[in-house]
Amino acid sequence: MKGMSTSATARAARGGAVLMALALPVCLAGAQDGASLVVKAGKVITMSGPPLAPGMVLVRDGKIAAIGPTVDVPEGAQVIDATEGVVLPGLVAACTTLAETERDTEESVTPELRMADALDVYAEFRRPLSGGVTTAYLSPPHGRLMPGQGAVAKLGRGEPSASVLADPCALLVVLGEWPKNPPLLWHPPLPPTPDEPSAPPEKQLPTTRMGELALLRRTFADVRSGKLTGFRAEPVKAALDGELQVRVKADRAEDIRNALALGKEFGLRLVIEGGTEAYAFAGELQGRDVPVVLVPRLVPGQATEVDSQQAYDVFGGVKPDTLAALTRAGVKVALSVPDAALPDLLVAAASAVGAGADPEAALRAITSDAAQILGVDGRVGSIAVGKDADLVVLTGDPLATRTRIRMTISDGHVVYEQKEDEATTPAAGKLLILRAHTVLTGTGALTDGEVRIRGRTIEAVQAASEAPPDAEVIDNGARVIMPGMVDAQSHLGLHWESEQVSLRPAPATAGPGSGGPRLVSVADAVDPTDQVLEDALRAGVTSVAVAPGEAGLFCGTVAVMKTGGDPFDRIVEPIAALKFSMLGGSQRAARPWQVRELLDSARNYDRDWTEFDRRWAEFQRKYERKPEAELKELSRPRRDGQLEVLRGLFRDRKPAFVAASRADEISRTIDVFREEYGLETVILGAEDADRVSREMGEAGVAAALGPRVVREERGRVISLAAVLAHAGVPLALQSQATSGTQFLRATAAHAAKLGLDASEAVRAITAEPARLLRLDDRIGSLRPGRDADLVILSGDPLELTSRVEKVYVDGRLAYDAEAAE
Amino acid sequence: MVRASRCAAVIALAAAWVAGTGAQDAPVREKIAVKAGKIIPISGPDIENGIIVIQDGRIAAVGKDLEVPWDANVIDAADKVVMPGYVEAHTSSGMGTPNERVLEVPFVSAKDGVDPKSVFMEDSLRDGVTTMLAIPGNDTLLGGTGVAIKTFGLTVEELLVRDYTGLKISLQPRGDSSRMAHLARFRKYMADLDRYLGEYADRKADAEAAKKPFDEELDPQKQPMIDLKNGLLSAFVYCPEASDVVKAFELADEYKLKIVPVLGPRCYKAAGLLARRGLPAILDSALVVWETNEDTETEEMKVVPKIMADAGVKFALQRDPNNYETRYLWMAAARCVAYGISREEALKSVTLYPAEIIGLADRVGSLEVGKDANLLILTGDPLDAQTWVDQVLIEGKVCYRRAEDERLKRLLEERKPPPEEKPPGDEAKPPEGGEAPAEGAPADKEKPPAGKAEP
């Protein structure tokens with residue numbers, strides 16, 4: 001028996017040794033040998049003695065070398081001046097799941113699992129470090145009765161960013177609701193034989209609180225009597241021998257009582273974790289040397305409800321005065337919070353003080369006492385000579401609301417530093433001048449030109465001239481500056497394949513009156529974090545018209561948004577145009593009549609409301625003069641969601657984007673939309689446009705072509721773009737893609753190769769789509785007053801050998817190819 | 001040693017069988033001289049206008065101004081480039097499903113899964129890969145053992161270069177299992193194995209003490225793990241994440257295992273550790289990873305081979321035949337050069353280094369006297385996209401001639417020029433912002449807009 005236990009410790013020691021062997025060279029490589037660091041503070045709260053005010057801490061080789069009111073500053077030492085601030089030891093979070101999310105094993109009892117195995121030592125622990133947490137207990141997941149051994153990790157940055165400080169730290173036992181009803185167990189023999197046939201899955205304990213205790217007793221008793229030995233029994237044996245702490249997750253009073261009874265029965269070294277109702281045990285725990293790790297359900301920025309029974313049972317909503325009650329009774333307490341709240345661990349301590357705890361006790365619960373409970377107080381938890389140089393530099397009293405963490409130091413390295421809040425918009429006064437050999441304005445070109453940008457907008461585009469002294473000048477040499485490209489139609493960010501856009505309108509025949517949702521801009525459905533927007537940005541497309549697909553007659557609204565810049569301010573125009581579809585199907589013959597019906601209603605609606613508004617305004621004017629005037633004959637027209645949107649065609653002259661492919665569809669579109677209703681019409685797709693190009697040119701409709709700009713007929717290749725340009729049809733290019741917008745420039749290049757004039761080709765992806773969307777006062781060209789969206793290319797944009805080097809959106813550098821590599 | 005001799009016996013047997021059946025693949029008992037415009041021997045500087053003399057399937061001489069033996073068949077490659085066949089240190093392709101569902105199956109062998117007639121083998125030969133380690137996939141804790149094979153032959157026996165090479169261990173937790181449960185499973189297996197071996201030794205000692213015959217054999221299902229423990233096999237440890245590399249070394253130290261790390265793409269973070277341990281590694285076919293920097297919240301491009309090379313880690317490249325971008329070893333090497341790795345290192349990472357990793361550096365991976373005559377005769381520089389593999393010699397036998405490659409011919413045969421449909425830019429365009437996948441876009445463009453089909 002003794003042999004077993006020593007082998008368990010030996011294994012633990014060996015594991016530790018291996019880890020040390022791995023971690024040690026890393027630490028040495030990371031730390032600048034002999035380099036030292038001095039922190040000067042207004043106050044140093046050491047947690048190992050009285051606070052020093054003022055105080056200084058000298059750090060050498062990752063360890064604390066000296067502390068005192070003043071220390072000798074060695075030559076070449078880095079000095080951190082926090083004379084206004086306060087220094088605390090790095091915080092110790094006594095219960096986290098930083099290594100593993102809640103993924104439970106199949107079996108109820110798996111003491112052999114080691115949490116240290118699950119720690120990603122290369123992960124970034126930015127959030128905990130931003131809260132000053134440098135040491136964390138890694139808890140196994142809480143879904144099984146005995147889910148494994150917790151470990152303690154040291155957090156930092158570098159390679160690797162974390163290391164294991166203690167493994168194992170404690171054997172976890174979970175009581176209460178969590179471990180009930182584990183899954184069925186099935187161990188099929190491999191292969192099954194007549195002697196050992198395949199058996200059905202077995203049920204396992206526990207389903208009840210009785211079952212939990214029975215299974216625990218059996219496990220401990222079997223190991224104690226030597227009935228259960230081997231790999232799985234080793235940690236349990238260590239716990240029975242008092243070498244390994246047993247941490248019991250117990251929230252309700254009966255669970256805590258059971259835990260204490262179990263500890264007494266088997267002589268275990270207990271730690272109670274969770275402890276929702278631990279306040280009731282202050283007396284019982286007094287003098288028993290059973291520490292408590294409290295884990296209140298703190299949600300940053302949200303008031304926590306503690307009265308609900310649900311919160312007590314499941315989430316461990318700890319009563320705020322528990323810490324006060326326990327510490328007053330002399331019970332050692334550590335305080336931790338759920339992972340998401342780790343940046344606010346100090347807030348948890350402050351609220352405990354608010355509920356009656358002694359401020360020093362509250363701080364101890366997140367530093368020295370927590371370290372002692374975890375058994376790592378020899379290394380961390382207080383500021384003392386020889387301990388790890390883990391420090392938190394605060395702007396003031398650690399428990400004050402407005403105090404902020406200025407920096408976190410782990411092993412003598414600054415691992416977190418609070419960034420000054422960056423201005424979200426560039427300083428309006430600062431002038432940025434971008435120069436290049438060629439400046440394409442979207443409508444023309446300049447040689448040796450410059451673009452002057454102030455804030456978000458373009459101030460001037462001119463030949464390079466002398467810069468004012470305060471301006472920042474970037475000379476791009478032989479490169480080309482062009483306006484950010486504009487995609488005349490795409491489906492970016494709408495996740496076309498995977499999710500149906502809910503804007504899908506009713507069939508055309510459903511008639512007006514049913515369409516409240518169509519007031520909605522399609523921009524609301526766009527996922528602003530979609531990777532394809534970033535892809536488009538990298539290719540120099542800074543604005544895209546986003547439209548739903550071609551379902552029904554009225555397909556929905558077209559929004560224009562930027563692909564970069566401030567993610568919350570990307571929408572240029574929520575409803576820039578309205579999209580219709582004249583595409584065939586069985587209703588081709590009926591489509592013109594449906595259009596007439598729809599547009600008639602919209603026009604009448606617009607007329608009625610315009611008339612009403614006019615008369616209402618007239619009445620109000622009259623009323624001001626003659627209050628006794630009566631509101632006669634003034635009946636308010638009915639509001640209608642769909643017609644309200646369609647009214648934009650007539651009132652605001654919003655363009656109609658009409659998908660039409662065959663020649664007859666295009667002709668019908670011209671007849672109805674353009675000739676009969678006089679709307680600004682842009683034909684999308686227009687695959688057969690060459691047959692009706694003259695008609696299109698004469699009627700004054702525009703076309704958005706793409707992604708195919710050629711058509712083939714009887715072996716003859718027809719360049720649609722060239723034909724339409726020849727017929728005088730205003731021309732824009734579209735990607736019509738969910739993810740292919742980055743090839744917009746390639747489409748333009750292809751059109752140019754097939755005979756479209758080069759300047760027209762550039763225009764078709766910059767100024768023209770912006771004009772068709774009636775947004776040419778903001779995007780699509782480099783002219784004074786426009787948004788400073790521009791692209792710097794290594795060469796001619798129509799050459800596929802040239803590449804996008806920089807993209808500016810709203811005057812800010814949004815993509816830099818060099819930096820991205 | 002026992003194992004090695006057994007292997008040799010297996011090979012000898014196989015060879016004898018092949019010879020006995022009079023198969024076309026009988027060892028070549030003749031002299032061949034290859035006159036090359038340029039020889040890239042990998043192990044030394046390039047040789048212009050050199051000659052390689054092959055005898056009995058092995059390289060007998062390499063150099064300039066060598067005498068061509070009077071009885072040698074001469075292959076004239078005066079306008080061509082000759083280099084050793086590519087070696088791939090790790091592949092699970094060409095064997096159908098590469099993983100068992102049961103997590104601990106060290107006793108299965110890739111030898112039983114390799115399909116000599118698979119398109120993958122044919123493609124490998126066409127693309128110049130002459131030797132590879134076929135090993136079970138990355139989804140099983142103790143996945144089974146691998147075999148080193150060449151890429152030409154009708155049966156697995158003909159393919160065999162060396163049986164029983166490497167055991168796959170995967171640190172990728174399966175399904176909803178956690179990392180610690182996965183590792184605990186491994187430790188439990190090792191503890192159980194220790195106990196089994198102890199009891200076996202006790203029984204053996206008891207029998208000897210009692211002077212009784214002892215004929216109990218070791219459990220064959222455990223044999224590969226026993227060989228692993230005894231250093232007769234090396235473990236190819238798949239590490240999906242950087243922290244798994246740490247664990248792999250921890251296990252190697254704890255159980256005294258010889259390991260070869262097979263890395264996932266995000267393992268670039270462990271480059272420093274790999275360099276300190278001085279072990280060569282097998283890289284994932286994805287050479288570039290984009291990651292968000294938490295500090296700056298910008299995306300950063302990480303070029304894995306560059307990071308490894310800068311840290312001083314030797315690496316072998318591998319293919320992913322399911323992806324056009326990653327299906328050629330030469331292309332992976334060419335991309336490494338594009339990312340700033342020296343040409344020599346890049347070429348070694350597809351020839352000599354993988355050969356060293358699978359323990360066959362004495363036979364393949366470079367053109368040196370005594371090594372197998374696995375030669376590629378290329379129409380130009382190996383890293384040039386315009387270059388074709390013209391002929392492949394494996395163990396001195398011409399196994400592939402481009403002129404006779406019917407399938408390739410059919411692919412490339414003269415057709416009427418395809419209709420101008422797609423903008424040519426889609427292919428020709430340089431990837432903007434790094435690695436924008438070029439495949440997605442044309443597909444999107446081809447897709448009919450939703451609602452068009454449906455009235």
Side-chain angles (χ1 to χ4, degrees), chain A residues 14 18-19 21-22 25-26 29 100 103 105 110 112-115 117-122 124 126 141 148 159-160 190 230-231 496 534-535 538-539 549-551 581 583 585-587 659 707-710 712 717 736-740 742-743 746-747 749-750 800-801 803-804 815 817 820-821, chain B residues 102 104-105 173 176-184 187-188 191-192 195 221 241-243 246-247 249-250 253-254 266 269-273 276 294-295 298-301 303 419-426 428-430 432-434 436 440-445 449-455:
Chain A
R14 197 167 61 228
V18 169
L19 273 172
L22 283 167
V26 176
E100 176 74 42
R103 271 195 299 187
T105 49
T110 50
E112 73 275 22
L113 300 198
R114 288 158 54 186
M115 212 50 216
D117 283 345
L119 176 68
D120 181 359
V121 292
Y122 290 94
E124 291 205 35
R126 196 180 154 73
E159 195 220 316
L190 187 76
F231 186 66
W496 210 245
E534 183 91 27
D535 289 343
R538 286 183 193 146
E550 285 96 27
S581 167
L583 296 177
S586 59
Q587 298 188 346
R708 291 176 61 176
V709 290
V710 290
E712 218 186 308
V717 172
Q736 208 185 342
T738 40
S739 63
Q742 63 263 44
F743 300 106
T747 310
H750 197 50
L800 294 172
T801 45
R803 75 188 216 135
V804 173
Y815 168 69
E821 278 162 21
Chain B
V102 173
E104 290 129 355
V105 286
D176 58 352
S177 160
S178 63
R179 275 204 150 61
M180 52 174 186
H182 199 70
L183 283 166
R187 293 202 180 91
K188 181 167 185 307
D192 289 350
R195 189 197 289 212
Q221 294 210 336
E241 302 289 338
S243 64
V246 179
K247 289 289 152 193
F249 284 127
E250 228 178 279
D253 293 344
E254 193 173 344
R266 285 176 301 278
K269 294 176 196 160
L273 175 61
R276 283 192 294 281
E294 277 193 31
D295 273 348
T298 51
E299 278 199 278
E300 289 178 353
M301 185 170 92
V303 181
E420 286 258 7
E421 282 187 350
K422 275 183 256 170
D426 286 354
K429 197 171 173 220
E432 304 221 340
D444 275 332
K445 294 181 179 183
K452 200 173 185 177
E454 204 55 33

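Values below: every heavy atom of this structure, side chains too, minus hydrogens, waters and symmetry copies. Chain naming here is simple, since letters A, B, ... match the order of the sequence lines and numbering starts at 1 in each. Treat the numbers as computed from the prediction; the structure is a model and nothing was measured.
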What's the separation between atom [atom1] in [X] and atom [atom2] in [Y], rounded to the nearest 0.5 Å?
X        : Y        : atom1 : atom2 : result
A:Glu534 : B:Glu299 : CD    : CD    : 5.5 Å
A:Tyr122 : B:Glu241 : OH    : CD    : 12.0 Å
A:Thr110 : B:Met180 : OG1   : CE    : 7.0 Å

Largest heavy-atom contact set with chain A, pairs under 4.5 Å, which of [options]:
options                      : value
B:Ala184, B:Pro173, B:Ala271 : B:Ala184
B:Ala270, B:Gly272, B:Ser177 : B:Ala270
B:Lys269, B:Glu300, B:His182 : B:Lys269

In terms of heavy-atom contacts, A:Phe231 and B:Arg187 come closest through CZ-CB, 3.2 Å
For chain B, the option from A:Leu119, A:Asp117, A:Thr105 that forms the most heavy-atom pairs under 4.5 Å: A:Asp117
Answer yes when B:Arg266 and A:Asp120 have at least one side-chain N-carboxylate O distance shorter than 4.0 Å, and no when they do not. no
